Amino acid sequence: MHVFLPMIELLKKNKFSFLIIFLIFIFGITFINKYPHSIFHPTSDTYEYADIARNLLKYKKFVVHNVYSLQLAFDFAREIPPPSIVRVPMYPITISFFFKIFGISDRTIFLTSFTFYILSGILLVIFLDKFNIDEKIKNLTLLFFMFNPIFLDLTLRGLSEPFALFIFILFLFFLFHGKKNKSIFISGFFLGIFTLTRYYLSLFFLIPVFYYFYKKGKTQKEIVLFLLGVFLPLLPWFFRMYRITGIPFFSLAFYSLDGYERVNIPYITSSSEIFSNFLEFIDKKLDSLMFYLKTLSNIVPFYFLPFSLIYVFSKKDEDLEVLSKFFFISLIVFSILYGIINPEHRFLFYLSFFVILFSLIFIREYQKFFNFFIVFTLLLVVHEDRKIIKEAMERNNNYFKSEKVFEEVKRITKENEFLITNSDALLGFYTERSCIFPLTYKEDYRYLFKIVPVQGFFVYRGRFKLFYMKYDFGDIKNMVETEFPFKKKFEDGSLIYLKK
């Protein structure tokens with residue numbers, strides 16, 4: 001019985017937090033059963049993860065039915081279905097585990113994401129319980145963390161962030177609260193797992209980790225144990241990438257420094273061409289960084305961030321001092337990295353609970369303002385969450401408009417040729433046909449047709465153009481109708497052009 005005493009004590013001490021999680025859990029399970037296709041979206045990464053997960057069960061291989069065009073510049077990527085060289089493995093592996101238990105469906109993908117949304121909340125309660133923080137602050141941190149519109153939206157879309165956040169908090173828990181060498185090793189192991197969920201840039205968390213080791217006076221043995229933990233889960237993945245590509249750290253990012261614009265061309269651009277106008281390249285990257293910094297506060301309600309940064313430089317006890325500096329160093333490092341490479345503020349979402357926690361601790365000193373702040377924020381996030389839930393319900397309804405379309409596309413197309421489509425991951429998952437994103441430049445289609453077998457174009461619901469494209473569908477319509485004269489229009493407005 002004494003084994004359960006710490007758990008019972010934790011529940012008693014944090015009963016309000018666990019009540020919040022329980023009520024959200026009940027709502028979520030009900031919502032999943034009523035709206036199982038809330039993840040449905042034509043350009044969502046969710047279906048790429050899900051396709052890999054399904055293929056792990058079907059082919060016992062890490063393959064995918066959608067590719068960026070640049071992958072086709074490499075011979076090893078022209079297999080059908082091609083090996084996945086863009087996505088890292090942990091989230092697809094996790095979805096495949098859920099598929100094995102609950103079956104392959106949108107509902108299962110949604111359930112996977114929601115499970116780790118709930119587990120992240122539980123783990124945050126356990127993590128914060130170890131610090132000397134007022135109970136009211138901990139409860140409000142959890143409330144705004146779970147109600148955070150971006151967290152809710154990512155969960156309802158079935159994306160990898162809830163799973164990654166769960167792993168990230170596990171990494172922090174063993175780092176900050178572990179007392180033995182074993183805990184240091186486990187913390188490093190979870191940073192390695194996090195890296196295999198959110199890409200190699202996550203290894204830059206080693207910078208704030210080394211700050212933590214310095215402040216805590218960790219020994220060389222402890223540091224080596226941590227690094228062993230980090231690289232132990234990475235080595236099998238590096239070996240797999242070496243076996244497929246010949247380069248253990250292969251990444252398309254090396255060949256596509258301009259992001260989507262470069263990644264959707266079917267050939268390798270030399271570094272000299274990328275940097276042909278170096279000043280223009282730098283100017284573009286600085287614009288990207290400035291845009292990112294302007295939108296950075298979107299990881300939480302925008303006014304939280306300034307208060308959290310003020311708190312970082314205020315006086316506090318030693319444990320919170322180290323934690324706040326860990327957050328600040330992480331914020332600076334990843335703001336620069338993601339701001340230059342891929343300015344999506346959701347990539348810094350993992351730091352959101354830090355921002356919430358530190359801003360609440362700081363504002364608590366101003367009691368009258370604090371009460372207004374809490375009420376105003378609660379009204380704001382509930383308003384935003386209602387809109388997000390409504391959008392999820394609309395996505396669920398959109399699925400039924402296109403359900404029979406996917407069945408028909410699968411029936412009339414071939415397995416061993418590619419389709420070009422603006423809904424590549426979506427179509428790849430539902431039809432098991434290999435798909436390619438539309439190219440950046442219309443002049444490149446002739447070259448693409450030479451290097452891989454293309455059976456046609458699929459235009460989802462009549463809308464083809466994506467943000468990086470330098471042309472409209474009308475600009476290539478004559479070419480498409482000449483190469484692929486068979487045309488069919490579906491009830492949802494989608495079009496398919498195929499060879500006779």
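Just so you know, these numbers come straight off a predicted model, no measurement behind them. No hydrogens, no waters, no symmetry mates; every other heavy atom, side chains included, goes into these values.
- The aromatic rings of Phe326 and Phe354 are tilted relative to each other, their planes meeting at an angle between 30° and 60°.
- More than 12 heavy atoms of other residues, nucleotides or ligands sit less than 6.0 Å from atom OH of Tyr59.
- Remark: Tyr311 pairs with no residue by the side-chain hydrogen bond (donor to acceptor under 3.5 Å, both in side chains) rule, at least two apart or across chains.
- At most 12 heavy atoms of other shown residues, nucleotides or ligands fall within 6.0 angstrom of atom CZ in Phe22.
- Here the two rings, on Trp237 and Tyr200, have centers that are 6.0 Å apart or farther.
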Show the numbers, then the answer: is there a side chain to side chain contact (heavy atoms under 4.5 Å, CB included) between Thr43 and Leu426?
CA-CA 7 Å; Thr43 58; Leu426 180 81; over 6 Å; no
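- The environment of Lys216 atom NZ is dense: over 12 non-hydrogen atoms of other residues, nucleotides or ligands sit within 6.0 angstrom.
- The distance from the NZ atom of Lys15 to the CD1 atom of Ile20 is 12.5 Å, given to the nearest 0.5 Å.
- Judged by distance alone, the side chain of Thr197 and the main-chain N or O of Ile193 form a donor-acceptor pair under 3.5 Å.
- Each salt bridge (Lys or Arg N to Asp or Glu O under 4.0 Å) pair with one or both residues in residues 118-136, not counting sequence neighbours, appears once here: Lys13-Asp129, Asp129-Lys138, Asp134-Arg364, Glu135-Lys138.
- The main-chain N or O of Tyr199 is found under 3.5 Å from a side-chain atom of Ser202 such that the two form a donor-acceptor pair.
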Do any side-chain atoms of residues 108-119 form donor-acceptor pairs under 3.5 angstrom with protein atoms, and if so which ones, sequence neighbours left out?
unit_1: Thr108; atom_1: OG1; unit_2: Gly103; atom_2: O; d: 2.7
unit_1: Thr108; atom_1: OG1; unit_2: Ser105; atom_2: OG; d: 3.1
unit_1: Thr112; atom_1: OG1; unit_2: Thr108; atom_2: O; d: 2.8
unit_1: Ser113; atom_1: OG; unit_2: Thr155; atom_2: O; d: 3.1
unit_1: Thr115; atom_1: OG1; unit_2: Leu111; atom_2: O; d: 2.7
unit_1: Tyr117; atom_1: OH; unit_2: Met146; atom_2: O; d: 2.5

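- The two residues Ile388 and Pro149 come nearest to each other via the heavy atoms CD1-O, 3.2 Å.
- Here the side chain of Asp51 pairs a donor or acceptor atom with the backbone of His65 at under 3.5 angstrom.
- The aromatic rings of Phe144 and Phe304 sit perpendicular, their planes meeting at an angle over 60°, well past the 30° parallel limit.
- Take Lys58 and apply the salt bridge (Lys or Arg N to Asp or Glu O under 4.0 Å) test, not counting sequence neighbours, and it matches Glu432.
- Applying the salt bridge (Lys or Arg N to Asp or Glu O under 4.0 Å) rule to pairs touching residues 377-389 yields Glu384-Lys387, sequence neighbours excluded.
- Taking the six-membered ring wherever Trp is involved, the centroid distance between the rings of Phe231 and Phe238 does not fall below 6.0 Å.
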Sequence neighbours excluded and cut-off under 3.5 Å, please list the side-chain donor-acceptor pairs for residues 166-186, or say none.
unit_1: His177; atom_1: NE2; unit_2: Phe127; atom_2: O; d: 3.0

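- Looking only at side-chain heavy atoms (C-beta outward), Ser352 and Ile150 stay at 4.5 Å or farther from each other.
- For the residue pair Tyr49 / Arg54, no side-chain donor-acceptor distance below 3.5 Å is found, with atom types taken as modelled.
- Considering only residues two or more places apart in sequence or on other chains, Asp75 meets the side-chain hydrogen bond (donor to acceptor under 3.5 Å, both in side chains) condition with Arg78.
- No donor-acceptor pair under 3.5 Å is formed between the side chain of Lys61 and the backbone N or O of Asn55.
- Counting only residues at least two apart or on different chains, the salt bridge (Lys or Arg N to Asp or Glu O under 4.0 Å) pairs with a member in residues 147-158 are Asp153-Arg157.
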Distance-only criterion, 3.5 Å: show the donor-acceptor pairs between side-chain atoms of residues 368-378 and protein atoms not counting sequence neighbours.
unit_1: Asn371; atom_1: OD1; unit_2: Gln367; atom_2: NE2; d: 3.3
unit_1: Thr377; atom_1: OG1; unit_2: Tyr303; atom_2: OH; d: 2.6
unit_1: Thr377; atom_1: OG1; unit_2: Phe373; atom_2: O; d: 2.8

Mind running side chain to side chain contact (heavy atoms under 4.5 Å, CB included) on Phe250 and Phe74 for me, showing each step along the way?
CA-CA 12 Å; Phe250 182 89; Phe74 304 93; 3.9 Å; yes
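- Closest heavy-atom contact between Leu124 and Thr141: CD2-CG2, 4.5 Å.
- Listed here is the closest heavy atom pair of Tyr350 and Ala164: CE2-CB, 3.6 Å.
- Of all heavy-atom pairs between Ser17 and Asn139, the closest is OG-OD1, 2.6 Å.
- A 4.5 Å side-chain heavy-atom check between Thr195 and Val88 finds every atom pair outside the cut-off.
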Could you list the donor-acceptor pairs under 3.5 angstrom formed between side-chain atoms of residues 221-228 and any protein atom two or more places apart in sequence or on another chain?
unit_1: Glu222; atom_1: OE1; unit_2: Thr219; atom_2: N; d: 2.8
unit_1: Glu222; atom_1: OE1; unit_2: Thr219; atom_2: OG1; d: 3.3

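- With a 4.5 Å cut-off on side-chain heavy atoms, Leu159 and Ser44 count as touching.
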Given the rule in the side chain to side chain contact (heavy atoms under 4.5 Å, CB included) test, do Phe40 and Thr46 qualify, once you have shown the distances and angles that lead to the verdict?
CA-CA 9 Å; Phe40 184 82; Thr46 299; over 6 Å; no
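- Sorted pairs that involve residues 348-363 and meet salt bridge (Lys or Arg N to Asp or Glu O under 4.0 Å), not counting sequence neighbours, are lacking altogether.
- Under a cut-off of 6.0 angstrom, the local environment of CZ in Phe131 is crowded, with over 12 non-hydrogen atoms contributed by other residues, nucleotides or ligands.
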Taking only distance into account, with no hydrogens and no angle test, what donor-acceptor pairs under 3.5 Å do side-chain atoms of residues 94-102 form with protein atoms, sequence neighbours excluded?
unit_1: Thr94; atom_1: OG1; unit_2: Met90; atom_2: O; d: 2.8
unit_1: Ser96; atom_1: OG; unit_2: Ile93; atom_2: O; d: 2.6

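- For Phe358 and Phe307, the gap between ring centers reaches or exceeds 6.0 Å.
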